[in-house]
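Quick caveat, the model's predicted, so the values are computed rather than measured. A note on names: the letters A, B, ... follow the listed sequences, proteins ahead of strands, and every chain is numbered from 1.
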There are 2 protein chains.
Amino acid sequence: MEYQEAKDKFISTWGSLGSLWGINKAMAQIQSLLFISTKPLSMEEIMDELKISRGNTSMNLRQLMDWGIVTKELIPGERKEFFTTEKDVQELARHIAKERSRREIKPVIKTLKEVSSIKDDGTEKTKELIKQTKALHDLAETADAMMNKIVNQEQNWITKSLLKLIK
Amino acid sequence: MEYQEAKDKFISTWGSLGSLWGINKAMAQIQSLLFISTKPLSMEEIMDELKISRGNTSMNLRQLMDWGIVTKELIPGERKEFFTTEKDVQELARHIAKERSRREIKPVIKTLKEVSSIKDDGTEKTKELIKQTKALHDLAETADAMMNKIVNQEQNWITKSLLKLIK
DNA sequence: CTAAACTTTCAATAATTATTGAAAGTTTGT
DNA sequence: ACAAACTTTCAATAATTATTGAAAGTTTAG
């Protein structure tokens, strides 16, 4: 497999995986492209490489910046803006996990809390709803906490401890 | 909040979360409904509750069975089929994690392996592609392994160990 | 201040994905 | 073997989501 083929394969695979971490295809592809680029890229270059429109590129770059995984790079002497992505996979994972938690998981946990806290009127169906949503709430909260801890500051020692445990 | 409101809220919240674990809205809603039901439900009942068509219900029930989280229940004396979902959240999480890994994560890991194994032609861009995809490969593999271990057999002791570590 | 260089916005459109419903298929009781 | 009861399939359609491109907006150099 040659460079170009490998590059295309990476971008399209990683791009289609976007759904897994909750972003759209173009967004994921732009990030992929920057991730393997040896230098910051301009909007022009991104559009050309991915064959997407200017508007699309602009909007998705903004979203990537909102996620905190792409930053503007100002290159001296250049009028246009250049972009880079976080290159360290650990940092990348940290940002992604944090955003997903904030945007999607936390709100769901909140709803589960509300639903599982309704008054028990003694009927079987109410008891079941409370019991099941409470179980889901606890699971979601534990999973979210684990996610964040693993991926955060204590990253190093905890990951090492964990790897010892599971290997 | 009354039972009906809480129930609707749960179904719509959990349903919209479907994207997080890679399934569509109807599928997630059917699963939610079964999850808080005190008894197995027929297709008729599911259609009525969720206001979706027969065809839609049939297709999504099949997918849920493919995922291994819904099963047919044959009720003696009844002609029609009834359905139940896995009620234990731990088991549910196990099935979901396993399927996601198999369907989406493993294939991506495989591609990352391929891409990161191309011949190093000595150019900077090839080196970068190899380096970055290798880092991603290792991360994905570790994350996937952790996921599966946590959620699998060793569940109890490892979860307890882990909880001690992160609390 | 003005014009060129560049970026953003957003209504229109295209692409994708989900849903319907009716016909075809299957199973079961008599 | 037949017909009623039920389920599945799938082409048509609807709903949703992504993308375009041109006009409006912004910044900078001279």
> Tell me if the CE atom of M147(A) is crowded by more than 12 foreign heavy atoms within 6.0 Å.
no
> Nearest heavy atom decides the nucleotide; on that basis, is A26(A) or M59(B) closer to the 5' end of DNA chain D?
M59(B)
> May I have the distance from N60(A) (atom CG) to dG21(D) (atom P), rounded to whole angstrom?
15 Å
> Testing the 3.5 Å rule here: is there a donor-acceptor pair between the side chains of T85(A) and Q31(A)?
yes
> I75(B): which other cluster members, linking ILVMFWY side chains closer than 4.5 Å, directly or transitively?
F82(B)
> Tell me if the CD atom of Q4(A) is crowded by more than 12 foreign heavy atoms within 6.0 Å.
yes
> Quick test of your reading of the model: are E99(A) and R102(A) salt-bridged, counting only N-O distances below 4.0 Å?
yes
> Could you list all N or O pairs between the protein and nucleotides 2-4 of chain C that sit under 3.5 Å apart?
unit_1 : atom_1 : unit_2 : atom_2 : d
dA4(C) : N3     : R79(A) : NH2    : 3.3

> So which one's nearest nucleotide on DNA chain C is more toward 5', K25(A) or K72(A)?
K72(A)
> Could you give the CG-to-P distance, from L64(A) to dA18(D), as a whole number of Å?
14 Å
> Which whole-number value in Å describes the distance from M43(B) CE to dC6(D) C1'?
8 Å
> So that I can tick it off, tell me whether E44(B) and R54(B) are bridged by a salt bridge, with the cut-off set at under 4.0 angstrom between side-chain N and carboxylate O.
yes
> Please classify the nucleic acid contact of E44(B) as base, sugar-phosphate, or nothing, using heavy-atom distances under 4.0 Å.
nothing
> Mind calculating the distance between CZ (R62(A)) and C1' (dT7(C)) to the nearest angstrom?
11 Å
> If the threshold is 4.0 Å, N to carboxylate O, is there a salt bridge linking K127(B) and E124(B)?
no
> Just grab all the salt bridge (Lys or Arg N to Asp or Glu O under 4.0 Å) pairs involving residues 7-22 of chain A, residues at least two apart or on different chains.
K7(A)-E49(A), K9(A)-E114(B)
> What pairs of donor and acceptor atoms, side-chain ones from residues 132-140 of chain B against any protein atom, are under 3.5 angstrom apart with sequence neighbours left out?
unit_1  : atom_1 : unit_2  : atom_2 : d
Q132(B) : NE2    : F35(A)  : O      : 3.3
Q132(B) : NE2    : K87(A)  : O      : 3.2
T133(B) : OG1    : L129(B) : O      : 2.7
T133(B) : OG1    : I130(B) : O      : 3.3

> Take atom CG of L74(A) and atom P of dT27(D), then tell me their distance rounded to the nearest Å.
13 Å
> Rounded to 10°, tell me the angle between the two end axes of the helix from dC1(C)-dG30(D) to dT30(C)-dA1(D), each built from five pairs.
20°
> Let's see if you get this right: which residues in residues 46-58 of chain B place a heavy atom under 4.0 Å from DNA chain C?
K51(B), I52(B), S53(B), G55(B), N56(B)
